[in-house]
Amino acid sequence: MNLDEIAGEYQTLVLEGCDGVGKSTLGARLSTHHGFVVVHSPKTPDHLDLASRYRNILAGTGRILFDRCFISELVYGPLHRGRSRINWSQAIDLAESVIERSGVLVHLTAPPAVIHQRLLSRDGEGASLEEVCALVTGYERVFSTLTDYTRVLVLDTTTLEPP
């Protein structure tokens, strides 16, 4: 299934993967060509309830595309803070809410060396190759668990061209 087919079939898309994998690039294309409203999930202060934030967004109407969301918290939280602010029960509930909203989770992936090089090219610096490997492994683990509860599409962005 290619990106245009995915965009035509679903009302809600969750693009997830580590920094540099192509979420924003693909999100911008899907917004422009398929009318998705992009919800970019920036760093959220610790005192805010993340699960409620995402539930409120999912309760809205229209075509929504998440450029990072609750899944990233399950990966980055443990690596950067030693814990996630989203538990598995909440994550599964949110994933089911995406599906109920005619949506799908899209796991964007590429080899760690490709992602690392993109980060260096884009920012002039970035996470070490070891950290990128840990993030890629973290996403694989999280999506492996979520596939027991919901549909996950995997899209390799190795050949993705920058905007």
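Computed over heavy atoms, backbone and side chain alike; hydrogens, waters and symmetry mates excluded.
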**Student:** Looking at Thr157 and Leu160, would you say the former's side chain and the latter's main chain have a donor-acceptor pair under 3.5 Å?
**Tutor:** no
**Student:** Which heavy atom in Ala110 sits nearest to a heavy atom in Val136, and how many Å separate them?
**Tutor:** O-CG2, 4.3 Å
**Student:** What residues form a salt bridge (charged side-chain N to carboxylate O under 4.0 Å, His left out) with Asp4, not counting sequence neighbours?
**Tutor:** none
**Student:** Working to the nearest 0.5 angstrom, can you tell me the gap between Glu96 CD and Leu146 CG?
**Tutor:** 10.0 Å
**Student:** Among residues at least two apart in sequence or on other chains, which ones pass salt bridge (charged side-chain N to carboxylate O under 4.0 Å, His left out) with Arg141?
**Tutor:** none
**Student:** Using the side chain to side chain donor-acceptor pair (under 3.5 Å) criterion, which residues pair with Ser24? Sequence neighbours excluded.
**Tutor:** Asp67
**Student:** So, Asp19 and Arg118, do they make that salt bridge, N to O below 4.0 Å?
**Tutor:** no
**Student:** Could you pull out the closest heavy-atom pair between Ala91 and Leu74, with the gap in Å?
**Tutor:** CB-CD1, 3.6 Å
**Student:** Take atom OH in Tyr149; do more than 12 heavy atoms of anything else shown fall under 6.0 Å from it?
**Tutor:** no
**Student:** Is there side-chain contact between Ile64 and Ile57, with heavy atoms separated by less than 4.5 Å?
**Tutor:** yes
**Student:** So which heavy atom on Leu15 is nearest to which on Gly27, and how close?
**Tutor:** CD1-N, 3.8 Å
**Student:** Kindly give the heavy-atom pair with the smallest separation between Thr12 and Phe36, and that separation in Å.
**Tutor:** N-CE2, 4.3 Å
**Student:** Should Gln90 and Arg85 count as side-chain neighbours, where that means a heavy-atom distance under 4.5 Å?
**Tutor:** no
**Student:** Is there a side-chain contact between Leu65 and Ser31, using heavy atoms and a 4.5 Å cut-off?
**Tutor:** no
**Student:** So among Gln11, Arg151, Glu9, which one has a side-chain contact (heavy atoms from CB on, under 4.5 Å) with Val104?
**Tutor:** Arg151
**Student:** Assess, by modelled atom type and distance only, whether the side chains of Glu130 and His116 contain a donor and an acceptor separated by less than 3.5 Å.
**Tutor:** no
**Student:** Side-chain contact, heavy-atom cut-off 4.5 Å: Ile99 with Tyr10?
**Tutor:** no
**Student:** Under a 3.5 Å cutoff, is there a donor and acceptor pairing between the side chains of Glu16 and Tyr139?
**Tutor:** yes
**Student:** Do Val114 and Leu135 sit in the same hydrophobic cluster, where Ile, Leu, Val, Met, Phe, Trp and Tyr count as joined when their side-chain heavy atoms come under 4.5 Å apart?
**Tutor:** no
**Student:** Are the side chains of Ile115 and Cys18 in contact, using a 4.5 Å heavy-atom criterion?
**Tutor:** yes
